[in-house]
Protein chains: 2
Amino acid sequence: MTHTEEITLAKEIELSTEEKILHSARKVFTKKGLSGARMQDIADEAGINKALLHYYFRSKEKLFEKIFEEASTKMFAKLTEFIDSKELSLFEKIEKMVENQIAMSMENPFLPAFVINEFHQNAEGSICQTIGRKMSVSHKLIEHIQEAVNQGLIRPINPIQLFINIMSLSMFPFVSKPILQINMNVTEEQFALLMEQRKKDVADFVIRAIKL
Amino acid sequence: MTHTEEITLAKEIELSTEEKILHSARKVFTKKGLSGARMQDIADEAGINKALLHYYFRSKEKLFEKIFEEASTKMFAKLTEFIDSKELSLFEKIEKMVENQIAMSMENPFLPAFVINEFHQNAEGSICQTIGRKMSVSHKLIEHIQEAVNQGLIRPINPIQLFINIMSLSMFPFVSKPILQINMNVTEEQFALLMEQRKKDVADFVIRAIKL
DNA sequence: GTCTATAGCGAGATAGAC
DNA sequence: GTCTATCTCGCTATAGAC
């Protein structure tokens, strides 16, 4: 086995340094936020030295921006697909949106709270502005809802309110998870089960609320 | 006018130093969080010197705990009243809960996101544990919902899910406000109007979803 | 009680050897 | 590319004058 082959093999098993850093940064930033995270935490988590972080990504801010933009995108990526779909009926869209946002949150437990919180603390900052502009997700859905109202398929409702309702019901449980858990004495397993049930329950709840 | 009267008068107009500090700390902590806030920011906001903060409240942590506990309590104070009420019907309770949580969030725009975020970053910490224990809000409501199901007043539904739904619909819009505003191009005034409408809309939405 | 000055430490960032 | 050592600065906290 040549030296080059060894390296190639190692890369398949072990991640490249840059990828290790990104993994660790994702973990630390999403848990502690920009101001709460320490470069040392990220280096430790990656099993490397602080200086390497600066070698790959000039500064803490730059590394954060990368993670934050990636996180914001991931949070709404599939949502956009469903909303833009031409084939799905309104009710099907709602079902897909709910199911997908809950599944995404279960796979990435810290992601929604992270993105929301950083937007809060940095709403006027340039990072949020640029990212925000890429995320105009809702327009197509608002139109679709308005059509359904006009055609008498659902009861009259403000489309914006309905959109907010769908997002709220899908995402708030994850954002407020620690409070819910303490308040209602719920274990991790019980919480996961509740959220699994919500994939159907929420869509059902919404459709009951808007049908004639 | 004697010297003492002057001071008394001054106190009526201008707050005591301790109160000024608490006001500023509330403002800064709720906006930036524990790790994002600087003692200097709080001192500047209060128009006093950094050293005075330590004179009145030994440390940043101690000052934060005071603000955080106060915020957590305020966030759920009235909710508990309505939930425990013997006179209100289930539907009335839902209406009161929604209206009150939305009103509270409109008056204290940063409060929900602040409390939620600090719980996230400190869920196992001692502060959250002690505060969490004081907040077991939901039990009475869960029972009330279960009764309503048993008596056939509403359709069968998991009471915990319904509780989560009510809280989600009331609070998520405020937690995710910056994202919603960027995403949907909504001004402050439009947002306030939407939330004002939600006081009725959400209760209506929930009741439609659970009635037979 | 309120201020100025400063101690002391921790975190981001860089220099330079290997 | 990766490390150790170090610089620099900003922040919490304290000392001490008034």
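Residue numbers begin at 1 in each chain, while the letters A, B, ... track the order of the sequences.
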Heavy-atom closest pair (A:Lys93 atom, A:Ile83 atom, distance to 0.1 Å) is NZ-O, 2.8 Å
For residues 52-59 of chain B, run the donor-acceptor check on the side chains, cut-off 3.5 Å, and write out each pair with its distance to 0.1 Å, sequence neighbours left out.
residue, atom, partner, partner atom, Å
B:Ser59, OG, B:Lys62, N, 3.2

Residue set satisfying ring-ring contact (aromatic ring centres under 6.0 Å, His included) with A:Phe205, at least two apart, ordered chain then number -> none
Within residues 29-43 of chain B, those residues having any heavy atom closer than 4.0 Å to DNA chain C are none
Sorted by number, residues from residues 49-71 of chain A placing a heavy atom under 4.0 Å from DNA chain C are A:Lys50, A:Ala51, A:His54, A:Ser59, A:Lys60
Q | Close side-chain approach of A:Ile182 and B:Gln129, heavy atoms under 4.5 Å | A |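 Touching, per the 4.5 Å side-chain cut-off.
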### Any residue meeting salt bridge (charged side-chain N to carboxylate O under 4.0 Å, His left out) with A:Glu196, in chain and number order, not counting sequence neighbours
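Listed in chain order: A:Lys199.
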ring-ring contact (aromatic ring centres under 6.0 Å, His included) contacts in which one or both residues fall within residues 77-100 of chain B, not counting sequence neighbours
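Checked against ring-ring contact (aromatic ring centres under 6.0 Å, His included) - neighbours excluded - no pair reaches residues 77-100 of chain B.
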Q | B:Glu65 with B:Lys60: basic N within carboxylate O range, under 4.0 Å | A | no
